[in-house]
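Only one structure is covered here, and it is reproduced in the block below.
Here the structure is a predicted model, which means the values were calculated and not measured.
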Amino acid sequence: MSPLEILWEYRQAFLEGLVVTAELLIITSVGGTLIAAFIEWICEMGGMPVRRIVDGIAFGIAAIPALVILFWFHYPAQALLDIVVRPFWTALAALMLLNIFSVYRIMADAIHDFPKQFVATGLVCGLTNTQITRFIKIPLILRAALPRWIDQQVVILQTSLFASLISVEETFRVAQRINSIVYRPVTIYTAMALLFLVTAGSAMYYARYLRSRTYRDFSER
Amino acid sequence: MYTLNKVGKQYGANSVLAHINCKIPVDGVVVVMGPSGSGKSTLLRLLSFVERPDEGTIDLKLNGDSFRSPGNDRPWPRVTCVFQKQFLWPHLTVLQNLRLPLEAARHQDVDERVAKMIDLFEMSGFVNRFPNEVSGGQAQRAALARALVLDPELILIDEPHGGLDLEQQSVLNRHLVDLSSSGIGLFIVTHSLDFAQVYADHLVIVEDGTISEMGPREILEHPTSLYLRRSMGVAGVAGGTPLN
């Protein structure tokens, strides 16, 4: 069978795998961002003691490899709690945990690094606090955070491939299964590479474009 | 008139200004000078009401109205400020930087006011650029124009001459003189002794977090503060030589 014939023959399976990957990514991105925003709000309300605790948790999670977290949720956690959870939800929980604290870190850094002088300038120009938040703070914080957020979601997309190791029928697992039938690794994995080049590559390119719009060259050239 | 009563300001354990008691006029051109790190910019931020003193009070009487800090008084935009690094909003073009204060205040004649500022500061060549695409002199003019769009009565400017070449400084000084002539009070922090000698109506000298000398421009003829005496090379000060 030619490469195109293979892809066409197994299109249903590939599509189903893509849907699972998309589900993992969308739920993790949206849910993780919303929860991260809530955690940042809690830290703002709670002050330094709360922020230190959250920062400590974020640091710990960033230090542990994603695969270790995934396997810990899949085996020890379920054994300890004496429950059985579908692998999809296990993978989702692991990806959400990673994304929540990474996005929290992105938000906290963007807010913390925001130059307060832009607020002062708004005040002396007669803007109200609400106008300063709407026209100055939010746009500038988004500009700082969005490229990093996009890069983080690309990492989540790539990390989602680990879900194949706990039998989640996402894109990579489907590709492996089909390859075990037709044994055409060059075709199958080249298609996978192209898929990620298009999806993740596009997102990374957009993040780079956004960064170039805001980057200021401080070199002496 | 600013009235400072036992004003002090600290950043952490560092006392930047301490026990300042004085009255500073707000009409004409007030020039604030002093060595680097003496507290000039901090004083400017306190007088612009964007920061509050940790000790004491600052009272401002401006054309019949009174404002006090610390407190909830907001004298802006009647009192406005141009900071040392201009802080033009980077996500807006120069034109949008001028328009935002007017649109936020719901002025009806936004286009006319903006056009007037563009003409006044000769900004038509760069008004559609973003702040990171203009030169230091252009950014300084844009920041000044933004401060003026809402017709302030008092402008505080922190080191407007920094990073400008002689021609740009001359252009800026021309604009500042025009502003002063139109009745707007100017409060300028600068290291430029030349500017003070030519344009200042009043001088305030800040050294080591206190006001060591202040008065009309004539104090330059007989300076008493160490900073002025060193800057002007008055005989008798270690390392200083007379200018003539």
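Applying a 4.5 Å heavy-atom cutoff, the residues of residues 120-131 of chain A that approach chain B are A:Ala120, A:Thr121, A:Gly122, A:Leu123, A:Val124, A:Cys125, A:Gly126, A:Leu127, A:Thr128, A:Asn129, A:Gln131. Contacts between residues 100-112 of chain B and chain A, defined by a heavy-atom separation under 4.5 Å, are made by B:Leu100, B:Pro101, B:Ala104.
Atoms CZ and CD, on B:Phe87 and A:Gln117 in that order, are 4.0 Å from each other to the nearest 0.5 Å. For the atom pair CZ (A:Phe135) and NE2 (B:His91), the distance works out to 9.5 Å, reported to the nearest 0.5 Å.
Neither the backbone nor the side chain of B:Phe49 comes within less than 4.5 Å of any heavy atom in chain A. Neither the backbone nor the side chain of B:Arg78 comes within contact range of chain A, judged by heavy atoms closer than 4.5 Å. Of the two parts of B:Val82, neither the backbone nor the side chain holds a non-hydrogen atom closer than 4.5 Å to a non-hydrogen atom of chain A.
The candidate with the highest count of non-hydrogen atom pairs below 4.5 Å against chain A, out of B:Pro77, B:Pro75, B:Cys81, B:Pro90, is B:Pro90.
Heavy-atom contacts from other residues, nucleotides or ligands closer than 6.0 Å to CE of B:Met214 number more than 12. When the shell of 6.0 Å around CZ of B:Arg74 is examined, it contains more than 12 heavy atoms from other residues, nucleotides or ligands. Counting heavy-atom neighbours within 6.0 Å of A:Tyr189 OH, excluding the residue itself, gives a total above 12.
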